[in-house]
Amino acid sequence: MGLLDILLGRTKPVAPDLDQLFALPSAAVTLEAAAGFTPTGGGAVCFATVEGAAFEQTHREVQALLDADAERGGVPVELHQDDYGYSWLVSRRSPDQLVQLVNDLHAVNSSMEVNGFGPQLLCSLVSFGDERGRRLALVYLYKRGTFYPFAPLPGTAQRRDSALELQVKAALVNDLRTEQDLSRWFPVWGAPGL
């Protein structure tokens, strides 16, 4: 970034740091202690829909990579498209396998990035729940390199529990690089894996 960029107020975009995903297991311990939420075993990577043979090859590579895990049963990664036209690669593990789930998400993100699909990556999320039936996702914004909580309220209306989101943000401030701009806390309604 040069002097002219500084004078004109231009900023350099934050480079994605996929290694931030590895902070999720320790954040999960804090989240359970502070708010009673535990991992559900669901996680997903969201990206702008991509068509073509190159993406199909990448998807097959990711599937083969995650199939190599002998502990996993069934389909390791499922491809879904949401109502908004975005694609989701969903991984499901048992709730006590958060480390393995994070490894899955990192592998999916890395494979897409290496194969030239980095600009299409939007976010990754890991799902949590509590004894009261509330759901929560910790969402990693790929292009910002930050996390934010998303807590949909139960029911059919698309409403979120903002107070819970702010409580989780405060609890995880020392565990995760949290997105400070609340306008970037995008709702991920109907996200598979949540």
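Residues: numbered from 1 along the sequence shown. This structure is a prediction, so every number in the text was calculated from the model and none was measured. As a basis for the values below, the full set of heavy atoms in this structure was taken, side chains included, without hydrogen atoms, waters or symmetry mates.
The backbone N or O of Gly145 sits nowhere less than 3.5 Å from a side-chain atom of Gln20 that would complete a donor-acceptor pair. Side chain of Lys143 to backbone of Pro119: a donor-acceptor contact under 3.5 angstrom is found. With Asp181 contributing its side chain and Ser183 its backbone, the two residues share a donor-acceptor pair below 3.5 Å. Counting only distance, with no hydrogens or angles, the side chain of Ser111 and the backbone of Val108 share no donor-acceptor pair below 3.5 Å.
When hydrophobic clusters are built by joining Ile, Leu, Val, Met, Phe, Trp and Tyr residues whose side-chain heavy atoms come closer than 4.5 Å, directly or via intermediates, Trp88 is grouped together with Phe186. Put simply, Leu18 and Phe22 are part of the same group of oily side chains (I, L, V, M, F, W, Y) that touch within less than 4.5 Å, one to the next. Val99 and Leu138 are not part of a single hydrophobic cluster, where members link through side-chain heavy atoms under 4.5 Å apart.
Side-chain atoms of Tyr142 and Glu113 include a donor-acceptor pair closer than 3.5 Å. Thr38 and Asp130 are not linked by any side-chain donor-acceptor pair at a separation below 3.5 angstrom, with hydrogens and angles left out of the test. Side-chain N/O atoms of Asn103 and Gln100 include no donor and acceptor closer than 3.5 Å.
Side chains of His106 and Asp19 form a contact here, defined as non-hydrogen atoms less than 4.5 Å apart. Side-chain atoms of Leu101 and Pro39, non-hydrogen and from C-beta on, never get closer than 4.5 Å to each other. Looking only at side-chain heavy atoms (C-beta outward), Ser127 and Leu136 stay at 4.5 Å or farther from each other. Proximity of Asp175 to Val29: side-chain heavy atoms (C-beta onward) are nowhere separated by under 4.5 Å. The shortest distance between side-chain heavy atoms of Leu79 and Ser87 falls below 4.5 Å.
Closest approach of Ala28 to Phe128, counting heavy atoms only: CB-CE2, 3.8 Å. Across all their heavy atoms, Leu105 and Gly43 have their closest contact at CD2-C, 3.9 Å.
The line from CD of Glu179 to CG of Leu141 is 6.0 Å long, rounded to the nearest 0.5 Å. Atoms OG1 and CH2, from Thr146 and Trp185 in turn, are 10.0 Å apart once rounded to the nearest 0.5 Å. Note that SG of Cys46 and CG of Leu125 are 8.5 Å apart. Values are rounded to the nearest 0.5 Å. Atom CZ in Phe37 sits 4.0 Å away from atom CZ in Arg134 (nearest 0.5 Å).
Residues forming a side-chain hydrogen bond (donor to acceptor under 3.5 Å, both in side chains) with Thr178 (at least two apart in sequence, or on another chain): none.
Atom OH of Tyr86 sits in a sparse spot, with 12 or fewer heavy atoms from other residues, nucleotides or ligands closer than 6.0 Å. The environment of Gln158 atom CD is dense: over 12 non-hydrogen atoms of other residues, nucleotides or ligands sit within 6.0 angstrom. Counting heavy atoms of neighbouring residues, nucleotides and ligands inside a 6.0 Å radius, atom CG of Asp96 exceeds 12 of them.
For Trp189 and Phe150, the ring centers are positioned less than 6.0 Å apart.
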